[in-house]
Amino acid sequence: MDAIYRRLFMTMSQLHKLRFGDLFPDMTKMDGMTLMAIAHANCAQNEKITTSGLAEEMQVKPSAISRTLKNLEEKGLVERTVNKADRRNTYVELTERGNVALKECKNTVDELMEAVFAKMRLEDVEQLTNYLDELFQITRTEIEIRLQKKERKQEDE
């Protein structure tokens with residue numbers, strides 16, 4: 001079993017080391033993820049998302065979102081506006097330039113993945129996706145179990 005664990009984690013590590021960012025020299029991974037989250041939220045909710053809502057949706061700290069938004073704003077990709085009725089809320093939306101940048105990123109990723117998947121059978125990709133999802137779900141549950149045991153142990157001490 002140790003050999004298969006090592007092989008699995010080495011493969012996952014290799015995938016993680018792929019330099020997708022080289023395809024987007026002017027944008028960080030966080031920039032791209034933020035643009036996608038803003039577009040998704042604005043489309044799904046049919047209204048602007050707040051910075052706090054964006055941080056919650058992306059499951060990152062508000063300070064990380066704030067830094068990223070500042071960077072994206074400087075590049076002219078997003079616009080922040082303060083809610084006049086409640087100045088504690090700041091809304092975020094993509095600018096026209098941000099929409100264009102997001103579309104270009106999506107097209108680049110789609111083209112790459114089409115080329116990759118063209119070299120694999122669709123059934124294999126689907127099966128791999130199902131296996132990885134199952135691995136993720138089981139691992140997440142097992143981590144939660146161990147954290148709960150650790151907490152209970154600390155409370156008992």
Side-chain angles (χ1 to χ4, degrees), residues 1-45 49-78 80 92-94 97-157:
M1 270 310 224
D2 283 349
I4 194 71
Y5 293 157
R6 273 195 300 281
R7 186 170 169 218
L8 174 65
F9 283 102
M10 287 299 291
T11 301
M12 290 170 58
S13 178
Q14 288 172 320
L15 284 169
H16 185 70
K17 289 179 184 178
L18 288 173
R19 298 170 54 111
F20 288 100
D22 289 353
L23 298 172
F24 313 103
D26 297 333
M27 193 173 302
T28 67
K29 180 179 176 181
M30 184 67 169
D31 289 348
M33 290 174 30
T34 303
L35 291 178
M36 285 189 290
I38 294 168
H40 177 265
N42 288 345
C43 182
Q45 300 169 2
I49 189 167
T50 63
T51 55
S52 57
L54 185 60
E56 186 177 316
E57 172 136 345
M58 293 181 66
Q59 298 179 352
V60 297
K61 294 181 181 178
S63 58
I65 281 296
S66 182
R67 280 190 304 273
T68 301
L69 290 175
K70 183 177 186 283
N71 180 39
L72 292 172
E73 203 169 29
E74 288 171 356
K75 292 178 181 180
L77 302 177
V78 300
R80 291 188 275 188
V92 185
E93 62 185 322
L94 298 180
R97 190 171 171 186
N99 280 308
V100 169
L102 181 59
K103 185 175 182 179
E104 288 173 358
C105 288
K106 185 180 179 332
N107 290 341
T108 300
V109 170
D110 287 350
E111 182 183 294
L112 170 67
M113 297 317 294
E114 284 177 20
V116 170
F117 291 158
K119 294 176 172 68
M120 299 177 72
R121 292 183 332 159
L122 180 60
E123 300 83 31
D124 292 340
V125 173
E126 289 174 347
Q127 188 174 27
L128 174 62
T129 302
N130 290 336
Y131 286 148
L132 289 172
D133 186 52
E134 183 179 7
L135 177 65
F136 170 79
Q137 298 297 337
I138 292 169
T139 304
R140 181 175 65 183
T141 299
E142 289 298 324
I143 288 171
E144 289 173 4
I145 289 168
R146 280 152 183 75
L147 289 173
Q148 289 171 359
K149 284 181 183 178
K150 187 177 180 179
E151 288 175 7
R152 283 194 298 270
K153 185 178 177 182
Q154 289 174 344
E155 289 173 1
D156 291 343
E157 291 177 348

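Worth knowing before you read on, the calculation uses all heavy atoms, side chains too, and leaves out hydrogens, waters and symmetry mates.
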Novice: For residues 127-142, pull every pair meeting salt bridge (charged side-chain N to carboxylate O under 4.0 Å, His left out), keeping only residues two or more places apart or in separate chains.
Specialist: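 Checked against salt bridge (charged side-chain N to carboxylate O under 4.0 Å, His left out) - neighbours excluded - the pairs reaching residues 127-142 are Glu142-Arg146.
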Novice: Using 0.5 Å steps for rounding, measure from the CE atom of Met58 to the NE2 atom of His40.
Specialist: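 Those atoms lie 12.5 Å apart.
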Novice: Sequence neighbours left out, what pairs pass salt bridge (charged side-chain N to carboxylate O under 4.0 Å, His left out) with at least one residue falling in residues 14-23?
Specialist: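 Those involving residues 14-23 are Arg19-Asp22.
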Novice: Measure the CD1-OG1 distance between Ile65 and Thr34 for me, rounded to the nearest 0.5 Å.
Specialist: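 Separation between the atoms: 4.5 Å.
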Novice: Which value, rounded to the nearest 0.5 Å, describes the distance between Leu35 atom CG and Met27 atom CE?
Specialist: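 It comes to 5.0 Å.
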Novice: Applying side-chain contact (heavy atoms from CB on, under 4.5 Å), run through Met33 and Thr28 and close with a yes or a no.
Specialist: CA-CA 9 Å; Met33 290 174 30; Thr28 67; over 6 Å; no
Novice: Looking only at heavy atoms, what is the nearest atom pair of Phe20 and Phe24, with distance?
Specialist: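 Heavy-atom minimum between the residues: O-CD1, 3.5 Å.
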Novice: Does the Thr139 side chain pair with the main chain of Leu135, one donor and one acceptor, at a distance under 3.5 Å?
Specialist: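 Yes; judged by distance alone, with no hydrogens or angles, the pair exists.
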Novice: What residue pairs, at least two apart or across chains, pass salt bridge (charged side-chain N to carboxylate O under 4.0 Å, His left out) with a residue in residues 66-77?
Specialist: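 Of all non-adjacent pairs touching residues 66-77, those that pass salt bridge (charged side-chain N to carboxylate O under 4.0 Å, His left out) are Asp31-Lys75, Lys70-Glu74, Glu73-Arg80.
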Novice: Report yes if the side chains of Leu69 and Ile38 come closer than 4.5 Å at any heavy-atom pair, otherwise no.
Specialist: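 When only atoms from C-beta onward are counted, Ile38 and Leu69 do touch, with a gap below 4.5 Å.
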Novice: When rounded to the nearest 0.5 angstrom, what distance separates CG in Asp156 from CD in Glu151?
Specialist: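 Spacing of CG (Asp156) from CD (Glu151) equals 12.0 Å.
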Novice: To the nearest 0.5 angstrom, please state how far the NZ atom of Lys29 sits from the OG1 atom of Thr68.
Specialist: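 It comes to 12.5 Å.
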Novice: For Met10, does the CE atom sit with more than 12 other heavy atoms under 6.0 Å from it, leaving out its own atoms?
Specialist: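 It does not: Met10 CE has 12 such atoms or fewer within range.
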Novice: Within the distance-only criterion (no hydrogens, no angle test), does the side chain of Ser13 pair as donor or acceptor with the backbone N or O of Phe9 below 3.5 angstrom?
Specialist: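 Judged by distance alone, no pair lies under 3.5 Å.
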Novice: Could you state the interatomic distance from CE (Met12) to CD (Gln14), rounded to the nearest 0.5 Å?
Specialist: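 Rounded to the nearest 0.5 Å, the CE-CD separation comes to 12.0 Å.
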